[in-house]
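The following block contains the structure, expressed as structure tokens.
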Amino acid sequence: MLDLIRQEFYKLFQKKSVLLSPLVILALMLFMGTGGNLSDRKYFFTQGFSGFQWLDIAIVVIGANMMAMEFEYGTIKHLVASHNNKFLIYISKMIVLTIYDVIMHFLIFIFTFGIAILVYGSKLPLHSLYNGRPIINTFITATLGDQFGTILVITLVFLIAGLSRTSSIAATGGLALLIFGTSVSSLIIKSFGSAFPFVKWNPGNMFNVGFQFATPGIIKQSFLTDSQLVIGNLVYIVLFIILGYIAFSRKRI
């Protein structure tokens, strides 16, 4: 297992896109910080200057490539021949991407403070209130909430990659669900929620977990409490891991 994880880390950091991601995200965060209205400085800060949203997109693309390109280039044959355990191969990739995601969240956390000091200086009192809570508390909650939420994204992308023939299909499918998932979920709940209350447990609604932790008002859109969203995410994470592995194990090598 450790050997597989080391191999996956090596392959991951051989990709230029992975190495450039922190710089690209930092540039986009700087753009949001310098281009935003100063009156909205609290909001931009709590959202990490949109760094978390850009990271989610990067994770989808990187995850799709990690899985699907093994089959595109035939390197999966070497992995299976060397280790003869598809489950460990599958889980090791997921573990490595999750660790990379944690590292990136930490970097965005640091970047956010740096940009805030650069752009706002002393005009951003971290203990002033935002949504009824100190701004620093809201930002930390948003960081942890998004970190938790991206675990669901990772398992979903791996599931799509296991069902797809190419990395481009996997990435496109993952991005579509990431971008439109909460909007479609909200539409479904508004249209059918009264007659079928269980529809609020749809997977698209689970993407609200990070937003709701930082912005309690999102509960009016999700119709689920924080604890219910956490439970729902955990259930879907386990389900997507199982389905993703089944798809991966049955995929022609």
| Set of residues satisfying side chain to side chain contact (heavy atoms under 4.5 Å, CB included) with respect to I140, sequence neighbours excluded |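 Residues passing side chain to side chain contact (heavy atoms under 4.5 Å, CB included) with I140: F109, I136, L144.
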| Considering all heavy atoms of both residues, which atom of I154 and which atom of I59 are nearest to each other, and what is their separation? |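 I154 and I59 have their closest heavy atoms at CG1-CG2, 3.6 Å.
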| field | For L118, all residues meeting side chain to side chain contact (heavy atoms under 4.5 Å, CB included), sequence neighbours excluded | value |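 L118 satisfies side chain to side chain contact (heavy atoms under 4.5 Å, CB included) with L30 once adjacent residues are dropped.
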| message | Applying side chain to side chain donor-acceptor pair (under 3.5 Å), can you list everything that pairs with K11, at least two apart in sequence or on another chain? | response |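 Partners of K11 under the side chain to side chain donor-acceptor pair (under 3.5 Å) test: E8, E70.
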| message | Restricting to side chain to side chain contact (heavy atoms under 4.5 Å, CB included), what partner residues turn up for N65, sequence neighbours left out? | response |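 Per chain and number, N65 pairs via side chain to side chain contact (heavy atoms under 4.5 Å, CB included) with V61, M69, S167.
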| request: For S186 and T182, indicate whether the former's side chain and the latter's backbone hold a donor-acceptor pair under 3.5 Å. | output: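 The answer is no, because no donor-acceptor pair under 3.5 Å joins these two groups.
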| From M66 atom CE to L12 atom CG, the distance as rounded to the nearest 0.5 Å |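 Rounded to the nearest 0.5 Å, the CE-CG separation comes to 5.5 Å.
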| task | List for me each residue that meets side chain to side chain donor-acceptor pair (under 3.5 Å) alongside T46, sequence neighbours excluded, and say none if there are none. | result |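 So T46 forms no side chain to side chain donor-acceptor pair (under 3.5 Å) with any residue.
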| task | Could you walk me through whether V199 and S185 pass side-chain contact (heavy atoms from CB on, under 4.5 Å), step by step? | result | CA-CA 8 Å; V199 299; S185 169; over 6 Å; no
| F45 and F113: aromatic ring centres closer than 6.0 Å? |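 Yes.
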| query | Which ILVMFWY residues can you reach from V235 by hopping between side chains whose heavy atoms are under 4.5 Å apart? | reply |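 The other cluster members (ILVMFWY side chains, heavy atoms under 4.5 Å, direct or chained) are I231.
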| request: Can you measure from CD1 (I62) to OG (S17) and round to the nearest 0.5 angstrom? | output: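 Rounded to the nearest 0.5 Å, the CD1-OG separation comes to 5.5 Å.
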| message | Can you give me the closest heavy-atom contact between V157 and A64, atom names plus distance? | response |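 Reported closest heavy-atom pair: CG1-N, 3.5 Å.
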| message | Please list all pairs meeting ring pair (Phe, Tyr, Trp, His ring centres under 6.0 Å) that have one or both residues in residues 215-251, counting only residues at least two apart or in different chains. | response |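 Matches after skipping sequence neighbours: F71-F248, F87-Y245, Y90-F248, Y236-F240.
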| request: Please name all residues satisfying side chain to side chain donor-acceptor pair (under 3.5 Å) with D226, sequence neighbours left out, ordered by chain then number. | output: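 Expected list: Q212.
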| Qualifying side-chain hydrogen bond (donor to acceptor under 3.5 Å, both in side chains) pairs, either residue in residues 144-160, two or more places apart |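 Listed by first then second residue: D101-Q147, D101-T150, H105-D146, H105-Q147.
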| Do N205 side-chain atoms and K200 backbone N/O form a donor-acceptor pair below 3.5 Å? |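 Pair found, side chain donor or acceptor close to backbone of K200.
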| task | Please work out which of the three classes, parallel, tilted or perpendicular, describes the rings of F196 and F198, given edges at 30° and 60°. | result |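 Perpendicular: the ring planes of F198 and F196 meet at over 60°.
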| request: May I have the step-by-step check of side-chain contact (heavy atoms from CB on, under 4.5 Å) for V153 and F207, ending in yes or no? | output: CA-CA 8 Å; V153 174; F207 291 134; 3.8 Å; yes
Would you mind writing out the side-chain donor-acceptor pairs for residues 47-55 within the sub-3.5 Å range, not counting sequence neighbours?
none

| request: Using the test side chain to side chain donor-acceptor pair (under 3.5 Å), find all partners of T225 that sit at least two apart in sequence or belong to another chain. | output: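 With sequence neighbours excluded, T225 shows a side chain to side chain donor-acceptor pair (under 3.5 Å) to S227, Q228, given in chain and number order.
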| field | With L19 via side chain to side chain contact (heavy atoms under 4.5 Å, CB included) - residues at least two apart | value |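 Checked L19 against side chain to side chain contact (heavy atoms under 4.5 Å, CB included); matches are F13.
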| Roughly how far apart are L224 CG and I218 CD1, rounded to 0.5 Å? |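 If I round to the nearest 0.5 Å, the distance is 12.5 Å.
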| message | When you measure from the side chain of N233 to the backbone of V230, do you find a donor-acceptor pair of N or O atoms at a distance under 3.5 Å? | response |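 Answer holds: no.
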